[in-house]
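See structure below.
Atoms within each ligand, like the ligands themselves, are counted from 1 in listed order. Each residue takes its place number in the sequence, starting with 1. When reading the values below, keep in mind they use all heavy atoms of this one structure, side chains included, and skip hydrogens, waters and symmetry mates. What you see is a predicted model; the values in this text were computed from it and never measured.
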Amino acid sequence: MILVLLGPPGSGKGTQAKLIAEAKKLPHISLGDLLREEVRIESEIGKRAKEFMDAGKLVPDELTIELAKKRVSRPDCQVGFIMDGFPRSPIQAEAFDKMLKELNRSIDFVLYFKISEEEVVSRLSGRRSCKDCGAVYHLENSPPKTAGKCDACGGELILRKDDDPGVIRTRFEVYDKSTKPLIDYYGKTGKMVEIDASLPIDKAFNNVLKILANATAL
Ligand code: AMP
């Protein structure tokens with residue numbers, strides 16, 4: 001099964017992607033994570049991507065398309081995969097269709113996580129990420145056991161540069177301009193399903209599971 005998760009930054013699609021990956025035993029491909037890893041190891045892609053990421057802007061299509069293509073060609077993706085944060089522009093969506101065609105595959109579902117900008121700003125400005133392992137916490141909704149420290153590895157918890165309220169606004173503008181057209185693009189395929197992303201994580205996840213269960217029963 002190939003799933004694409006679509007939605008604004010802070011819609012919780014990354015969290016849902018992890019939950020679905022676990023439940024359905026599918027690889028979770030987060031373009032944001034792949035890019036952050038490139039930045040961490042200071043690769044050529046990482047060096048070019050960093051300034052766009054810190055500013056909350058989209059990394060140039062040729063870099064994200066190359067990363068996505070490499071990742072979906074790996075053997076673990078033969079069973080299917082969950083695409084989180086890609087495609088994020090019509091050019092990426094067309095490149096993704098082409099990639100899948102070459103692999104003789106197609107998208108099964110596009111899950112669209114719908115939420116308002118106000119809700120997103122409140123969610124993301126409280127988000128803290130572990131500097132070392134990337135685990136994600138929220139000051140109000142899922143705080144770490146010890147303030148400022150990661151439960152999993154003890155690493156320092158930081159506010160991602162792109163979770164700063166000013167940058168969040170930019171990310172939302174970028175989403176409106178570049179990614180929102182994909183709602184139309186995928187809406188026309190009849191494969192898109194809307195999820196209320198303002199619901200708590202477990203409720204939204206239950207809705208996702210129901211949709212996937214109905215789909216498999218078809
Ligand atoms: P995320 O973790 O998905 O919120 O992504 C963090 C940042 O990585 C985004 O704000 C962009 O700068 C960059 N990024 C992630 N996915 C893409 C993509 N598909 N196209 C362009 N830039 C991306």
| Checking side chain to side chain contact (heavy atoms under 4.5 Å, CB included) for the pair Lys25/Val79: CA distance, chi angles, key distance, verdict? | CA-CA 9 Å; Lys25 307 268 174 281; Val79 286; over 6 Å; no
| query | Salt-bridged, Arg128 to Asp163, with N to O below 4.0 Å? | reply |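 Salt bridge between Arg128 and Asp163, a charged N being under 4.0 Å from a carboxylate O: no.
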| query | Is the shortest distance from a Lys or Arg side-chain nitrogen in Arg169 or Glu117 to a carboxylate oxygen in the other one below 4.0 Å? | reply |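 So Arg169 pairs with Glu117 through a salt bridge.
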| task | Please name the pair of heavy atoms, one in Ala21 and one in His28, separated by the smallest distance, quoted to 0.1 Å. | result |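 Shortest heavy-atom separation between Ala21 and His28 comes out as CB-CB, 3.8 Å.
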| task | Measure across Met1 and Leu26 and return the closest heavy-atom pair with its distance rounded to 0.1 Å. | result |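 What the structure gives for the nearest pair is O-CD1, 3.8 Å.
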| query | Between CZ of Phe81 and CG of Leu3, what distance do you get to the nearest 0.5 Å? | reply |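 Going from CZ on Phe81 over to CG on Leu3, the span is 9.5 Å.
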Would you mind listing each N/O atom of ligand 1 next to any protein N/O under 3.5 Å, plus the distance?
residue, atom, partner, partner atom, Å
ligand 1, 2 (O), Arg36, NH1, 3.0
ligand 1, 2 (O), Arg36, NH2, 2.9
ligand 1, 3 (O), Arg88, NH1, 3.0
ligand 1, 3 (O), Arg88, NH2, 3.4
ligand 1, 4 (O), Arg88, NH2, 3.4
ligand 1, 4 (O), Arg171, NH2, 3.0
ligand 1, 12 (O), Lys57, O, 2.6
ligand 1, 16 (N), Gly85, O, 3.3
ligand 1, 16 (N), Arg88, NH1, 2.9
ligand 1, 19 (N), Gly85, O, 2.8
ligand 1, 19 (N), Gln92, OE1, 2.9
ligand 1, 20 (N), Gln92, NE2, 2.9
ligand 1, 22 (N), Val59, N, 3.0

